[in-house]
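Worth knowing before you read on, the calculation uses all heavy atoms, side chains too, and leaves out hydrogens, waters and symmetry mates. All residue numbers in this chain count up from 1 along the given sequence.
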Amino acid sequence: RPGLALCAGCGGRIQDPFLLRVSPDLEWHVACLKCAECGQPLDETCTCFLRDGKAYCKRDYSSVGIKCAQCRAAFSSSDLVMRARDHVYHLECFRCAACGRQLLPGDQFCLRERDLLCRADHGPPPDGAAARGPRSP
């Protein structure tokens, strides 16, 4: 309702007769809804995409998306990916940091910080975990 809503873009109270609602809980002044990257106005003629509370045009939304944890390049919609915890990798980037061997689905590996290590290169578990109990296969 005009007068009660706060603009997600500028933070000001929306007193205009019209507002733009993006997602259930974000409202904008018509003039404030712009792409966070290129500044293109986003209205009924231009599709709007949200990420982390920011609005993007279609082109910029694709470019600021999730990037490969190894090469830092963006993914295309046809890319196959591998995941390790919160990290996502191109299939060809999912390699052991020590020996360079490509890790395949089903391979055992260890993730230390941002480094993937194959079973042969990761050695014993950190902090003497092996001493506390039997190692899992």
Side-chain angles (χ1 to χ4, degrees):
R1 296 184 318 244
L4 298 177
L6 294 180
C7 177
C10 71
R13 188 170 303 280
I14 301 175
Q15 307 238 344
D16 305 352
F18 298 101
L19 59 83
L20 295 175
R21 179 170 287 147
V22 181
S23 83
D25 58 345
L26 294 177
E27 296 167 328
W28 304 71
H29 290 110
V30 173
C32 289
L33 187 56
K34 297 178 182 175
C35 175
E37 282 292 305
C38 70
Q40 174 184 353
L42 302 170
D43 55 21
E44 66 277 354
T45 64
C46 183
T47 305
C48 176
F49 297 86
L50 287 180
R51 176 169 284 131
D52 301 325
K54 293 180 182 177
Y56 297 94
C57 65
K58 184 176 184 176
R59 186 192 71 227
D60 288 328
Y61 180 78
S62 299
S63 70
V64 298
I66 297 171
K67 294 189 170 58
C68 176
Q70 178 62 36
C71 72
R72 306 303 302 153
F75 296 100
S76 74
S77 59
S78 62
D79 284 339
L80 296 175
V81 299
M82 297 290 282
R83 294 179 183 271
R85 292 196 192 119
D86 296 334
H87 305 291
V88 184
Y89 300 82
H90 290 106
L91 215 51
E92 59 276 4
C93 294
F94 200 69
R95 297 180 174 277
C96 176
C99 69
R101 183 174 74 84
Q102 184 173 12
L103 299 167
L104 302 172
D107 286 350
Q108 292 183 351
F109 66 91
C110 173
L111 181 64
R112 289 202 183 138
E113 310 260 334
R114 297 182 65 93
D115 289 336
L116 293 167
L117 298 170
C118 68
R119 181 168 172 77
D121 288 320
H122 72 69
D127 302 322
R132 289 195 291 269
R135 293 179 72 178
S136 62

Peer 1: For the atom pair SG (C7) and CD1 (I14), what is the distance rounded to the nearest 0.5 Å?
Peer 2: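 C7 SG to I14 CD1: 5.0 Å, rounded to 0.5 Å.
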
Peer 1: Quick one: pull up CG in L80 and CD in E92 and give me the separation to the nearest 0.5 Å.
Peer 2: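 It comes to 9.0 Å.
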
Peer 1: Taking only residues two or more places apart in sequence or in another chain, which ones pass salt bridge (Lys or Arg N to Asp or Glu O under 4.0 Å) with D79?
Peer 2: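 Result, salt bridge (Lys or Arg N to Asp or Glu O under 4.0 Å) vs D79: none returned.
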
Peer 1: Report the C-alpha separation of V22 and L33 in whole Å, then their side-chain angles, then the decisive distance to 0.1 Å, and conclude whether the side chain to side chain contact (heavy atoms under 4.5 Å, CB included) test is met.
Peer 2: CA-CA 9 Å; V22 181; L33 187 56; 3.8 Å; yes

Peer 1: Can you list the residues that meet the side chain to side chain donor-acceptor pair (under 3.5 Å) rule with D121, with sequence neighbours excluded?
Peer 2: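 Per chain and number, D121 pairs via side chain to side chain donor-acceptor pair (under 3.5 Å) with no residue.
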
Peer 1: Kindly state each residue pair satisfying ring pair (Phe, Tyr, Trp, His ring centres under 6.0 Å) with at least one member in residues 28-58, sequence neighbours excluded.
Peer 2: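 Non-adjacent pairs meeting ring pair (Phe, Tyr, Trp, His ring centres under 6.0 Å): F49-Y61.
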
Peer 1: Step by step, work out the side chain to side chain contact (heavy atoms under 4.5 Å, CB included) result for L116 and C96.
Peer 2: CA-CA 5 Å; L116 293 167; C96 176; 5.9 Å; no

Peer 1: What pair of heavy atoms forms the shortest contact from H122 to R119, and how long is it?
Peer 2: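 Here H122 and R119 meet closest at CD2-CA, 3.4 Å.
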
Peer 1: How long is the gap from SG on C35 to NZ on K54, to the nearest 0.5 Å?
Peer 2: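 Rounded to the nearest 0.5 Å, the SG-NZ separation comes to 10.5 Å.
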
Peer 1: Out of curiosity, Q102 CD to C118 SG, how far, rounded to the nearest 0.5 Å?
Peer 2: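 Between atom CD of Q102 and atom SG of C118 there are 12.5 Å.
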
Peer 1: Please check if L19 and L6 belong to a single hydrophobic cluster, counting links between Ile, Leu, Val, Met, Phe, Trp and Tyr side chain heavy atoms closer than 4.5 Å.
Peer 2: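 Each belongs to a different hydrophobic cluster.
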
Peer 1: Taking L91 as the starting point, is it possible to reach L103 by hopping between hydrophobic residues whose side chains are less than 4.5 Å apart?
Peer 2: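 Hydrophobic grouping puts L103 with L91.
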
Peer 1: According to a 4.5 Å side-chain heavy-atom criterion applied to Ile, Leu, Val, Met, Phe, Trp and Tyr, with indirect links allowed, do L50 and L20 form part of one hydrophobic cluster?
Peer 2: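 Same cluster: L50 reaches L20 through Ile, Leu, Val, Met, Phe, Trp or Tyr contacts under 4.5 Å.
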
Peer 1: Can you confirm whether R85 is buried at CZ, in the sense that more than 12 heavy atoms of other residues, nucleotides or ligands lie under 6.0 Å from that atom?
Peer 2: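 No - once you tally the heavy atoms of other residues, nucleotides and ligands closer than 6.0 Å, there are 12 at most.
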
Peer 1: Kindly give the heavy-atom pair with the smallest separation between P41 and K34, and that separation in Å.
Peer 2: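 That closest heavy-atom pairing would be CA-CG, 4.1 Å.
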
Peer 1: If you look only at pairs with a residue in residues 80-113, which of them pass as a ring pair (Phe, Tyr, Trp, His ring centres under 6.0 Å), with sequence neighbours excluded?
Peer 2: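 For residues 80-113: F75-H90, Y89-F94, F94-F109.
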
Peer 1: Going by side-chain contact (heavy atoms from CB on, under 4.5 Å), name the residues that satisfy it together with A31, two or more places apart in sequence or in a different chain.
Peer 2: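 Once residues adjacent in sequence are excluded, A31 has no partner under the side-chain contact (heavy atoms from CB on, under 4.5 Å) criterion.
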
Peer 1: Minimum heavy-atom separation for L111 to A84, with atom names?
Peer 2: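 Scanning both residues completely, I find the closest heavy atoms to be CD2-O, 3.8 Å.
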
Peer 1: Examine distances only and state if a side-chain atom of E37 and a backbone atom of C57 form a donor-acceptor pair shorter than 3.5 Å.
Peer 2: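 Side chain of E37 to backbone of C57, a donor-acceptor pair under 3.5 Å: no, none is there.
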
Peer 1: Please list all pairs passing the salt bridge (Lys or Arg N to Asp or Glu O under 4.0 Å) test where one or both residues lie in residues 101-110, with sequence neighbours left out.
Peer 2: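 Found R101-D107.
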
Peer 1: Under 4.5 Å between side-chain heavy atoms, counting indirect links through other Ile/Leu/Val/Met/Phe/Trp/Tyr residues: same cluster for L104 and V88 or not?
Peer 2: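 No.
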
